[in-house]
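What follows is a set of notes on a single structure, which appears directly below.
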Number of protein chains: 2
Amino acid sequence: MSINKLIASFNNYLPLNQQEQEDLAKRVTERRIKRRQFILQEGDLCNHYIFVVEGCFKLYHIDKKGIEHNLQFIAENDWIMELDSFYSEKPSRVYIEAIEPSLILQIKRPDLYYLFTNHPKFDRNFRVIVENRYVELENRVLQNISSTAEERYLSFLDQYPHLSLRLPNTQIASYLGITPEFLSKIRKEIVKK
Amino acid sequence: MSINKLIASFNNYLPLNQQEQEDLAKRVTERRIKRRQFILQEGDLCNHYIFVVEGCFKLYHIDKKGIEHNLQFIAENDWIMELDSFYSEKPSRVYIEAIEPSLILQIKRPDLYYLFTNHPKFDRNFRVIVENRYVELENRVLQNISSTAEERYLSFLDQYPHLSLRLPNTQIASYLGITPEFLSKIRKEIVKK
DNA sequence: CTTAACCCTTAAACTATGTTAAGGGTATTT
DNA sequence: AAATACCCTTAACATAGTTTAAGGGTTAAG
């Protein structure tokens, strides 16, 4: 069952006891999501913390010119949320969309607050989840800052070999911050070598 | 006294009770830092969470070409740390350097862990600190992704009016991800309008 | 089975930003 | 007070990445 996958994932941090597991299970809802279905749109409030049981999502922003920028891909065993919207309860500036048929578990804001208040271990565990997410984002910024598009592409292939097969190049280009045409040029260069 | 500034800053989150305040005060060390002094260098381990009482720091990365990239400026009432190094206990890839004479309070890793374990409220408060930091970083990424250098400069001036006066343009350019020469060109364009 | 939607590549012209080099101005340091 | 280090600007030239446009291939939808 999918809840077991969630409980297992907490073992990476502080494992949950019986009581905590039950309280968590009671507050989690399972949902099937179709390809291209949104679980958050710009302007909406992010009301859930979401755990991906299977499938894959992209989190992206659309700029004034209408160009999509992929900020993150989120696949199995990882968490999705838009923190700014979730905690400040203000409209999201990003979209979260399934790029494959997916299965998720979601926790509503008041339910998460219930868990925080009644089991401090969740404060701890969600602190660690956010810390990890922060480190990932910081690494991405460091990467972008100090590499060319080609280097970023190569290290994307290296770091996410599974994703690079599952995603079209347009999506990868958007993640790398370049146009698909330029990615094409880069790929040609790489083959030459 | 500077510890009061720290305690006051927790009132933005969950206020501390008497016992928590005392336990915190016992585990905090005050340090004066000179201009240009490092509190963290690449390759070192980040062993402290640091609260800035007064002054200002820059957190930056040096790339293969030897170019400095400012990731953050941190001023009064804010926290500095290199999360990846602090929690994973691996060498830092960034430098943290005072750009003004400063006064800080630092907490050692084991002391922070003591506070986490004995007062769950610290788990909560530091969860919120990291969440805020994450949101800031995400905003920066969104900005960088969808604006020109000129737009980024204008919104930097807007968002950090105090910093823009305290910092030389070379530092601002490094934060914006452009060369000082190009910033110069931008400033000229802006004056023209 | 056919059409439409999407995806990938190429190439030429273009633009934002970087590089190099030089001159003059202000702070720090000696 | 002189010397050094740092900072800001300008301008000519270089380059990484974008834009536009076009052709062909593949997948999804009617």
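Below, chains carry the letters A, B, ... as their sequence lines are ordered, and counting in each starts from 1.
Under the rule for a side-chain hydrogen bond (donor to acceptor under 3.5 Å, both in side chains), the partners of B:Tyr87 that lie at least two apart in sequence or sit in another chain are A:Arg127, A:Glu131. For A:Arg31, the salt bridge (charged side-chain N to carboxylate O under 4.0 Å, His left out) test picks out no residue, with sequence neighbours left out. Among residues two or more places apart in sequence or in another chain, the side-chain contact (heavy atoms from CB on, under 4.5 Å) test is passed with B:Val28 by B:Ile3, B:Leu6, B:Leu24, B:Leu105, B:Ile107. With sequence neighbours left out, the salt bridge (charged side-chain N to carboxylate O under 4.0 Å, His left out) criterion links B:Glu151 to A:Lys64.
Among the heavy atoms of the strands lying under 4.0 Å from B:Thr170 are primed sugar atoms or P, OP1, OP2 only; no base atom is included.
Between A:Glu54 and A:Lys5 there is no salt bridge, since no side-chain N of the basic residue sits under 4.0 Å from a carboxylate O of the acidic one. Using a 4.0 Å cut-off between a side-chain N of Lys or Arg and a carboxylate O of Asp or Glu, A:Asp23 and A:Lys26 qualify as a salt bridge. Residues A:Asp123 and B:Lys121 are not paired through a salt bridge, judged by the lack of any N-O separation under 4.0 Å between the basic side chain and the carboxylate. In this structure, B:Glu76 pairs ionically with B:Arg166, as a charged nitrogen and a carboxylate oxygen lie closer than 4.0 Å.
Put simply, CD on A:Glu100 is 16 Å from P on D:dT27, counting in whole angstrom units. The nearest whole Å value for the distance from the CD atom in A:Glu150 to the P atom in D:dA16 is 10 Å. In this structure, B:Lys65 places its NZ atom 11 Å from C1' of D:dT15, rounding to the nearest Å. In this entry the distance linking CD1 of A:Ile186 with C1' of D:dT15 reads 14 Å, nearest Å. Between the CD1 atom of A:Ile67 and the C1' atom of D:dG17 there is a distance of 12 Å, given to the nearest Å. Residue B:Arg187 contributes atom CZ, which lies 16 Å from atom P of D:dA11 at whole-angstrom precision. The CD-P distance, from B:Glu68 to D:dC7, rounds to 10 Å in whole Å. Across the protein-nucleic acid pair, A:Leu183 atom CG and D:dT19 atom C1' stand 16 Å apart, rounded to whole Å.
Contacts classified as ring pair (Phe, Tyr, Trp, His ring centres under 6.0 Å) and involving residues 14-40 of chain A (residues at least two apart or in different chains) are given here: A:Phe38-A:Tyr95. Residue pairs that meet the ring pair (Phe, Tyr, Trp, His ring centres under 6.0 Å) test with at least one member in residues 133-153 of chain A, sequence neighbours left out, do not exist here.
Ring-centre distance between B:Tyr49 and B:Phe126: below the 6.0 Å cut-off.
Put simply, chain A comes within 4.0 Å of DNA chain C, heavy atom to any atom, from C:dC8 to C:dA11, going 5' to 3'.
Using a 3.5 Å distance cut-off with no hydrogens or angles, the side chains of B:Ser155 and B:Gln159 do not pair a donor with an acceptor.
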Between protein and nucleotides 28-30 of chain D, what N or O pairs are separated by less than 3.5 Å?
none

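Cation-pi contact between B:Lys58 and B:Tyr60: present, with separation from the ring centre below 6.0 Å and deviation from the ring axis of at most 45°.
Other residues sharing the hydrophobic cluster of A:Leu165, ordered by chain and number and joined by side-chain separations under 4.5 Å: none, the residue standing alone.
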For a side-chain hydrogen bond (donor to acceptor under 3.5 Å, both in side chains) check, start with the C-alpha distance between B:Arg140 and B:Gln72, then their side-chain angles and the critical distance, and finish with the verdict. CA-CA 10 Å; B:Arg140 229 200 126 184; B:Gln72 276 176 49; over 6 Å; no
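For DNA chain C, the residues of residues 152-162 of chain B within the heavy-atom distance limit of 4.0 Å (strictly under) are B:Arg152, sorted by number. For DNA chain D, the residues of residues 173-182 of chain A within the heavy-atom distance limit of 4.0 Å (strictly under) are A:Gly177, A:Ile178, A:Thr179, A:Glu181, A:Phe182, sorted by number.
Rounded to 10 degrees, the angle separating the terminal helix axes of the helix from C:dC8-D:dG23 to C:dT30-D:dA1, each built from five base pairs, is 40°.
The aromatic rings of B:Phe10 and B:Tyr13 lie perpendicular to each other, with more than 60° between the two planes, well past the 30° mark.
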